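Report on one structure; see the data block that follows.
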Protein chains: 2
Amino acid sequence: MENFKLFLNSLTPVSDGEFENYSQYFKGRSLPKNNYFAVQGKICHEVAFIKKGTLRTYYLNEKSEEVTSCFCTQNNLTTSYKSFVSQQPSELSIQAIEDTELLVIDYRDLQNLYQKSSVWQNIGRIIAERQYMVMEQYASVLCNETAKEKYLRLLKEEPSILNKASINDIASYLGITRRTLSRIRKEITK
Amino acid sequence: MENFKLFLNSLTPVSDGEFENYSQYFKGRSLPKNNYFAVQGKICHEVAFIKKGTLRTYYLNEKSEEVTSCFCTQNNLTTSYKSFVSQQPSELSIQAIEDTELLVIDYRDLQNLYQKSSVWQNIGRIIAERQYMVMEQYASVLCNETAKEKYLRLLKEEPSILNKASINDIASYLGITRRTLSRIRKEITK
DNA sequence: TGTATTAAAGGACAAATGTCCTCGAAATTA
DNA sequence: TAATTTCGAGGACATTTGTCCTTTAATACA
């Protein structure tokens, strides 16, 4: 729980008392490699804090190819955000790409938390704001950088992903084809 | 004010009383064409509801070219979100591309509102959630659609932009060059 | 262990997009 | 009004990226 507390405190001050009172809403869960946290077509009822492990978020495009939109790692949150917030069927699937340990809260409990505690209400808003900023950054990168620049950025900013995810998934995450990624990797190693 | 009330109610129910109590925090402002609502390098202290008009959000890339990241239109909000939320200097500039009428609230007043009213706290979270979903959609489009598909989408979903913005701005908004946009436009008219 | 399946690299060619440039029309300004 | 500037269209060519395919190695499995 300690890392979760640190995570929350990095968003807004949370007193020990406030944390003790409400952290019980979050339940531990193990998610072995290749298991799913969320499935396309089903409503995503939960948000998870990742104690350990890595998850991949993807959807199927019109050609039924998996497009990876996100890798979520230790000490971060994951959920099919849109589905969770709107309680509509998810367009995304979220799958563990290594053995993963989560702290999970469901929608109803979270709404309860929001009701009971303005600190949590505040946390909810700040998280939404952060999610937005991350996505804005992602969009800007996709829009303005070349394939090579995007790969170099990944290499620099999220190197741990490179050992854990397949070439296929990394390519679709960068919005390029496997062939292009292969070319870039060759060019870089020389 | 009527449209603003409708806008808020589309997010979450806001009683007439709640609206009367707090809508005074929002001040009217005219922004003639080409004037700025936010300027790169300066902290953006305000959020605006657009009663009338259109604004363009852009930043300068490493080649000092203007990259348009957003067009905001009537009955929507605009702000340099990241700057506003974090109260740090803005990477974005926001400029009116036609004569515009705004309802504006500043950062301190909004924090006040959040303190005073859980309805507004709720609105703040929901807006952040919405912003996120819009940005996610934008990122997905940039990542997966070809230049032509993106242009056709703009034509369908935001046709009013086409009369108001320059070819240059539209191209950078779509993440393509002027040349490519010119080719697409030619191909479509035939 | 041997067979089948999957994953990654890369060749050959095609398509999409970018770069640099010129031209003419429209808008601006002196 | 004439000169200047800005804007959009589009030619010529280069570069990037994608598509399709083959090969090889790694992995799964029966």
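Just so it is clear: chains get the letters A, B, ... in the order the sequence lines come, proteins before strands, and each one is counted from 1. Source: prediction; values computed, not measured.
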| said: Show the nearest heavy-atom pair for residues B:Ser83 and B:Gln88, with the distance to one decimal. | reply: OG-O, 2.6 Å
| query | At under 4.0 Å between heavy atoms, what does B:Leu181 touch on the DNA or RNA strands: base, sugar-phosphate, or nothing? | reply | nothing
| query | Within the structure, does a side-chain N or O atom of B:Ser166 lie under 4.0 Å from either OP1 or OP2 of D:dC7? | reply | no
| Which residue pairs pass the salt bridge (Lys or Arg N to Asp or Glu O under 4.0 Å) test with at least one member in residues 40-52 of chain A, sequence neighbours excluded? | A:Arg29-A:Glu46
| If only atom types and distance count, is the side chain of A:Glu145 paired as donor or acceptor with the main-chain N or O of A:Leu142 below 3.5 Å? | no
| query | Taking atom P of D:dG11 as reference, at what distance in whole Å does atom CD of B:Glu187 sit? | reply | 14 Å
| Which angle, rounded to 10°, do you find between the first-five-pair axis and the last-five-pair axis of the helix from C:dT1-D:dA30 to C:dA30-D:dT1? | 40°
| task | Return no unless some side-chain N or O of A:Thr180 is found under 4.0 Å from OP1 or OP2 of D:dT17. | result | no
| Any Lys/Arg nitrogen of A:Arg125 or A:Glu129 sitting under 4.0 Å from an Asp/Glu carboxylate oxygen of the other? | yes
| note | Rounded to whole Å, NZ of B:Lys148 lies from P of C:dA16 at a distance of 9 Å
| message | Out of the candidates A:Tyr114, A:Tyr25, A:Phe26, only one should pair with A:Trp120 under the ring-ring contact (aromatic ring centres under 6.0 Å, His included) rule; please name it. | response | A:Phe26
| query | Side-chain donor or acceptor of A:Arg178 under 3.5 Å from a matching atom on the base of D:dG18? | reply | no
| task | Would you classify A:Lys186 as touching base, sugar-phosphate or nothing, given that sugar-phosphate means primed atoms plus P, OP1 and OP2, and contacts are heavy atoms under 4.0 Å? | result | sugar-phosphate
| task | State whether the number of non-hydrogen atoms from other residues, nucleotides or ligands found under 6.0 Å of B:Lys148 atom NZ is greater than 12. | result | no
| task | Please report, rounded to the nearest Å, how far the P atom of D:dG18 is from the CD atom of B:Glu145. | result | 15 Å
| Where the side chain of A:Arg185 is defined as all heavy atoms beyond and including C-beta, which of D:dG8, C:dT17, C:dA9 is the nearest nucleotide? | C:dA9
| Rounding to a whole Å, what distance do you find between A:Asn168:CG and D:dG18:P? | 13 Å
| task | For the side chain of B:Ala147, starting at C-beta, report the closest nucleotide among C:dG10, D:dA9, C:dT17. | result | C:dT17
| Atom-pair distance (CG on A:Asn34; P on D:dT27), nearest Å | 15 Å
| query | What is the distance, rounded to the nearest whole Å, between atom CG of A:Asn61 and atom P of D:dG18? | reply | 13 Å
| remark: Tightest non-hydrogen contact, residues A:Lys33 and A:Ile97, listed as CE-O, 3.6 Å
| task | Starting at atom CZ of A:Arg183, determine the distance to atom P of C:dG11, rounded to an integer number of angstrom. | result | 10 Å
| query | Does a distance-only test, which skips hydrogens and angles, find a donor-acceptor pair under 3.5 Å between the side chain of B:Arg179 and the base of D:dG11? | reply | yes
| task | Starting at atom CD1 of B:Ile176, determine the distance to atom P of D:dT17, rounded to an integer number of angstrom. | result | 16 Å
